[in-house]
Every structure is written in structure tokens, then in C-alpha cells.
Amino acid sequence: MTSGSPSNVLFVVMDTVRKDRLGPYGYDRDTTPGLDGFADEATVFENAVAPAPWTLPVHTSIFTGMYPSRHGADQENPYLEGATTLAQSLSADGTRTACYSSNAWITPYTHLTDGFDDQDNFFEVMPGDLLSGPLARMWQVLNDNPRLRKLADMIVSAGNTAHEYLSSGEGADSKTPRVMDRTKQFIEESEADGEDWFSFINLMDAHLPYHPPEEFQEEFAPGVDSSEVCQNSKEFNSGARDIDDAEWDDIKSLYDAEIAHIDSQLTRLFDWLKETDRWEDTAVVVCADHGELHGEHDLYGHEFGLYDPIVNVPLLVKHPSLDAERREDTVELLDLYHTVLDTFDTDATPMAADEEAVSLDPMRSLLSESYRDFDEVDDPDPAQQAAPDGETGFIEYSRPVVELKQLEEKAADAGIELDEDSRFYARMRAARRADAKYVRIDRIEDEAYRLDEDPDETENLVGEGDETVEEVESELAVFESEIGGAWTSAAASEVTDEAVEEMDEEIQDRLQDLGYME
């Protein structure tokens with residue numbers, strides 16, 4: 001930690017926000033006047049790389065400092081186990097911690113809120129107190145038993161249906177103002193008790209479906225009926241629904257309106273911190289966990305690919321040890337784990353004998369003069385071993401069980417049979433530098449792009465002999481070798497009466513309450 005380090009950290013994740021839709025990254029619509037001003041006093045990173053293309057593994061990496069295949073939290077194993085979190089380490093060291101979000105993956109049942117002194121989830125289908133109780137234990141039992149996995153899929157399907165209904169049209173409302181109000185209350189209470197604080201917030205407005213508040217819809221999407229445009233990415237991806245250019249324009253306008261609402265609420269929080277003389281003593285991180293595709297590569301959403309609009313995310317950091325400037329060097333989101341530890345001048349120690357804790361690595365802290373100078377590391381991790389110059393970020397994507405289930409349902413409803421040898425069923429790993437990317441895919445042809453010459457990733461250069469692409473592919477090969485093995489497939493076994501009988505009585509009762517058993 002450098003001298004003059006701030007006492008507090010505000011960590012903001014704008015869920016599903018593309019970098020190119022923000023003013024600090026050159027967007028020509030005025031979606032982010034607040035972030036535009038924030039960028040003037042922050043470091044703006046051009047090449048921030050997410051470790052995965054969706055919420056659960058990305059947040060788990062940020063909270064543990066581990067790559068997805070190491071922490072193991074994905075849709076086939078949808079919870080964190082055996083690892084000490086950032087919040088646990090900070091709380092143990094005396095920092096007051098809080099997590100507020102409206103994201104269903106950041107809840108007690110995934111264990112991502114472990115260690116936070118205060119947490120609230122504003123998800124509208126299943127409240128946090130339920131997720132931390134019997135339903136959480138049921139979910140884990142079902143996912144851990146291959147023969148019961150089909151029951152878990154049924155619950156996911158029912159939850160998706162409920163979410164589509166409750167988050168559509170006039171029934172939807174943003175939870176972001178409540179997240180901001182709760183954050184301010186937490187800060188006031190922490191400081192009243194004389195404690196430094198770490199506040200983590202996730203803002204879900206830019207995640208499908210898009211139903212922005214009226215004032216922002218009138219400005220950015222006038223005349224667009226959000227209930228008429230395609231708000232289910234699986235309908236498009238499965239081939240059940242087509243989207244023409246005019247509808248894409250409407251979808252993108254609604255998305256812009258959601259981002260503008262996020263910006264207005266962040267500005268409200270930032271202004272309050274300034275007005276109450278807290279701003280100078282608060283480090284602020286603003287990033288996205290992943291982005292979104294709007295028809296690029298014939299995909300909608302953030303599943304089934306590792307293209308740059310998904311994994312090259314916005315990242316802006318205000319910290320007295322960092323200059324207000326733009327940086328082109330590679331930074332990985334899991335480095336933020338080490339940056340926060342460094343800011344609080346603390347380290348991680350296992351909370352239990354059977355847990356793993358990633359210690360502070362100065363080479364991964366943005367505050368270090370030797371940031372990402374990995375050739376000086378004594379015991380390199382797989383990424384440091386693969387790319388000692390630190391200019392490569394690594395991304396992992398296991399099979400997306402929940403999205404795949406929805407995709408299959410939409411395809412079946414439309415009489416479409418999906419090809420199992422397609423990207424929908426594929427697992428992927430990628431190595432990304434500022435100039436090139438290589439994506440290993442287990443069911444279809446690999447993909448490789450010269451990002452410096454082809455930023456839209458239109459020309460696949462696999463097998464074309466490009467030296468830069470071959471260098472990145474070699475780094476990916478070393479990373480894969482060091483990380484150890486491929487992803488395991490989701491179990492496809494049928495549920496049998498014998499398997500159901502093996503469930504404990506409480507789990508059977510919960511399934512009966514939900515209508516899945518008689």
C-alpha cells in the first residue's frame with residue numbers, strides 16, 4: 001500500500017454494460033454525463049478483460065482472486081465452496097463490508113455474500129432470506145447429485161418463467177435507487193461507529209429485459225414499446241424469432257436508456273459523497289462484469305461466445321496512487337481483488353481449515369510499480385506462467401446450463417432441433433492481448449482474430465499462419481496445461497424414483513411445495 005491510501009472503497013459493477021456505449025469510451029450519445037466527469041479524475045482502462053462472460057464466475061473471481069476453473073463456480077456447480085472471500089478477509093481485519101445488488105447470482109445461496117457484514121438482494125422472484133434457507137440447501141443437493149440434476153433444471157425453468165413474467169412491461173421497476181439509498185445508509189452507519197468501509201454494489205438495469213424508467217425512455221427511445229421488441233435473447237439465438245435492423249435499433253435505444261439511468265443514479269451517489277466530504281477519502285472502482293451482443297456474430301445476449309463486446313469490459317478506477325489518464329495495457333478483473341487488499345493494507349488468510357485463500361500478489365495490484373511484471377514472480381500462477389510479460393488476459397466459459405435449458409425450450413416450442421455440435425453446447429477458453437485473441441472451442445472450429453487490424457472480429461485467422469495469433473495461441477496452450485484439464489460436462493441422467501427416494505425429507509417437502517413432486 002502506498003502512503004495516502006484512502007480509508008474506504010466503493011466498488012461498482014454495472015452488470016451487462018458494453019464499453020462502447022459509454023461516453024468515456026467514445027460513444028456519441030450522451031448516455032453517461034456523470035461517468036464522463038468521473039473519467040476526468042480516474043484511470044480509464046482500454047483493455048480490461050473479464051475472466052468469463054457472465055455474472056457468477058466473474059464475481060467469484062473478483063471475490064477470490066481465482067480463475068473460474070480454480071474456484072469452480074459455474075452453472076454446473078452454481079455456488080462457491082472451499083475459498084475465503086475478499087469480504088471475509090476485510091471483515092476479519094476490521095473493515096465494515098456490505099454488498100447490495102439485484103442480481104440473482106449474488107446471494108447467500110451461491111455463497112458470494114459470505115463475509116459481508118450486511119447484504120441485501122433486491123431480486124424480484126426469490127428474496128435473499130429464502131435463498132439462504134431450505135431452497136438454498138435443496139439447490140445444492142440437486143446440483144451435487146447427477147441423478148437429481150433434471151429436477152434442478154425444472155426449478156430453473158420455473159424460475160425463468162416467473163422472472164420473465166415479473167420483470168416484463170409495467171410490472172418491472174429498477175432496484176438501483178434502493179441500492180443507492182441502502183449504500184448511503186451503510187456508509188453513514190459505518191462511519192458513525194468509526195469503521196473504514198468496503199461497499200460492493202451490482203446494478204442490473206442494463207441486463208435483459210430492458211424496461212427503462214419513463215424519463216430515460218422518452219429521451220433515448222421515444223416511441224419504442226418495450227413490450228413489443230424481442231426481450232428474450234434465447235428466442236433469437238434458437239432461431240425461433242428474427243430481428244430486423246429497425247428492431248435492433250429499438251433494442252439498442254432501450255439499452256442506452258437503461259445505461260443513462262444507471263449513470264444518473266451513480267451521479268447521485270457520487271455527488272452525495274462529495275457533498276458530505278467523503279469523496280477524497282474513497283477509492284472508487286467502476287466496471288462491468290461482462291458486456292452484451294446485439295446481433296453481432298448472429299448472437300443476442302452474453303452467452304455462447306467470447307467476443308470483445310462481451311469480455312473487453314469498461315474499467316475506471318479513482319485512487320490517489322493512480323494518475324488520471326487512459327491506459328492501453330492489459331488488466332484483468334481478478335486483479336481488482338489484489339488491488340482492494342492492497343488499498344486496505346491487508347492480506348487473505350483461510351477462514352477455515354478446508355478453505356483456500358489467495359494471498360495478496362503485489363504484481364496483480366494496480367497500485368504496484370511492478371504491476372503485471374510477472375517474470376519477477378517466484379511462484380507464478382497459470383496465467384503468469386503462460387504470459388510473463390503480463391499483456392495477456394485469460395477467459396474461461398463452461399457449458400451454460402441455465403441458458404442452454406432456456407434455449408432448448410424456445411427451440412422446441414418453435415419446432416427447431418438444435419445441433420449439439422454447435423457453439424451452444426461448447427466450452428471455451430481464450431487468451432486476449434490488445435493486438436490479438438485466440439479462442440479454443442471444444443465442439444466447433446477455434447476462432448482467432450487480430451484485434452489491432454480487425455476489432456470487429458470478422459476474419460477468423462485460425463490456421464492462416466499469422467505470427468501474432470500463433471503467439472497468443474501458444475500462451476493459451478500453456479495456460480490450459482497449467483490450469484489442469486477441460487471443463488466437465490453437465491450430467492444428463494434421467495431422474496428415477498430410486499434417486500428421489502434418496503433425498504432427505506426436507507428436500508422432498510420443498511419439491512412438493514413447489515409442485516415438482518406429488
Side-chain angles (χ1 to χ4, degrees), residues 1 5 7-11 13 51-52 55-74 77-101 103 105-121 128-129 131-137 139-141 143-144 186 189-190 193-202 283 285 289 332-362 364-365 379 381-382 483:
M1 181 181 72
S5 189
S7 301
N8 312 302
V9 174
L10 173 65
F11 197 126
V13 172
T55 295
L56 177 62
V58 173
H59 282 77
T60 309
S61 289
I62 292 172
F63 289 172
T64 65
M66 302 177 185
Y67 286 97
S69 55
R70 182 177 174 186
H71 62 60
D74 59 31
N77 185 69
Y79 37 79
L80 174 64
E81 290 184 298
T84 293
T85 66
L86 176 62
Q88 288 174 314
S89 296
L90 295 178
S91 295
D93 195 50
T95 299
R96 182 84 69 90
T97 60
C99 175
Y100 306 119
S101 82
N103 192 307
W105 293 110
I106 308 172
T107 55
Y109 93 113
T110 62
H111 298 297
L112 289 196
T113 57
D114 287 0
F116 284 103
D117 299 312
D118 190 35
Q119 71 87 27
D120 202 347
N121 182 278
D129 56 350
L131 291 173
S132 63
L135 186 57
R137 294 192 292 276
W139 174 267
Q140 185 160 343
V141 168
N143 277 281
D144 285 346
F186 162 75
E189 291 174 352
S190 299
D193 292 336
E195 294 180 305
D196 297 337
W197 52 265
F198 170 71
S199 180
F200 182 90
I201 61 178
N202 175 288
V285 177
D289 53 348
E332 295 182 277
L333 290 189
L334 60 78
D335 296 347
L336 299 174
Y337 167 88
H338 299 275
T339 304
V340 173
L341 286 177
D342 200 4
T343 298
F344 286 107
D345 193 21
T346 191
D347 205 348
T349 55
M351 293 293 106
D354 59 347
E355 284 190 354
E356 182 180 12
V358 174
S359 297
L360 168 63
D361 182 349
R364 282 193 177 273
S365 169
D379 184 21
D381 64 33
I483 208 74

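Heads up: numbering here begins at 1 and tracks the sequence.
The two residues Thr64 and Thr60 come nearest to each other via the heavy atoms OG1-O, 2.7 Å. In this structure, Ala348 and Val358 approach most closely via the heavy-atom pair CB-O, 3.3 Å. Nearest heavy atoms, Leu333 versus Pro51: CB-CD, 4.0 Å. What you find for Ser7 and Asp196 is that their closest heavy atoms are O-CB, 3.2 Å. When all heavy atoms of Thr343 and Val9 are compared, the pair lying nearest together is CG2-CG2, 3.8 Å. Residues Leu341 and Asp347 approach most closely at CD2-C, 4.3 Å, considering heavy atoms.
Here the CD atom belonging to Glu81 is positioned 10.0 Å from the CD atom belonging to Glu355, to the nearest 0.5 angstrom. The structure places CG of Leu90 at 12.5 Å from CZ of Phe200, a figure rounded to the nearest 0.5 Å. Between Thr84 atom OG1 and Asp114 atom CG the span is 9.5 Å, to the nearest 0.5 Å. Put simply, CE on Met351 and OG1 on Thr85 are 8.0 Å apart, with the number rounded to the nearest 0.5 Å. The distance from atom NE2 of His71 to atom CG of Leu80, rounded to the nearest 0.5 Å, is 7.5 Å. Taken from CG in Leu56 to CG in Leu112, the straight-line distance is 5.5 Å, to the nearest 0.5 Å.
Exactly one of Trp105, Tyr337, Phe116, Phe198 qualifies for a ring pair (Phe, Tyr, Trp, His ring centres under 6.0 Å) with Phe63. That residue is Phe116.
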Report task. Determine, stepwise, if the pair Thr110 / His59 fulfils side-chain contact (heavy atoms from CB on, under 4.5 Å). Result -> CA-CA 11 Å; Thr110 62; His59 282 77; over 6 Å; no
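Using a 4.0 Å cut-off between charged side-chain N and carboxylate O, Arg364 and Asp381 make a salt bridge.
Listed for the Asp118 side chain is no donor-acceptor partner under 3.5 Å among the backbone atoms of Ala98. Side-chain atoms of Ser61 come within 3.5 Å of backbone atoms of Met66 as a donor-acceptor pair (strictly under, hydrogens ignored). Looking only at distances, no side-chain donor or acceptor of Ser91 sits under 3.5 Å from a matching main-chain atom of Gln88. Judged by distance alone, the side chain of Asn8 and the main-chain N or O of Trp197 form a donor-acceptor pair under 3.5 Å.
For Asp193, the CG atom sits in a packed shell: over 12 heavy atoms of surrounding residues, nucleotides or ligands are nearer than 6.0 Å.
Between Ser199 and Phe186, the closest side-chain pair of non-hydrogen atoms falls below 4.5 Å.
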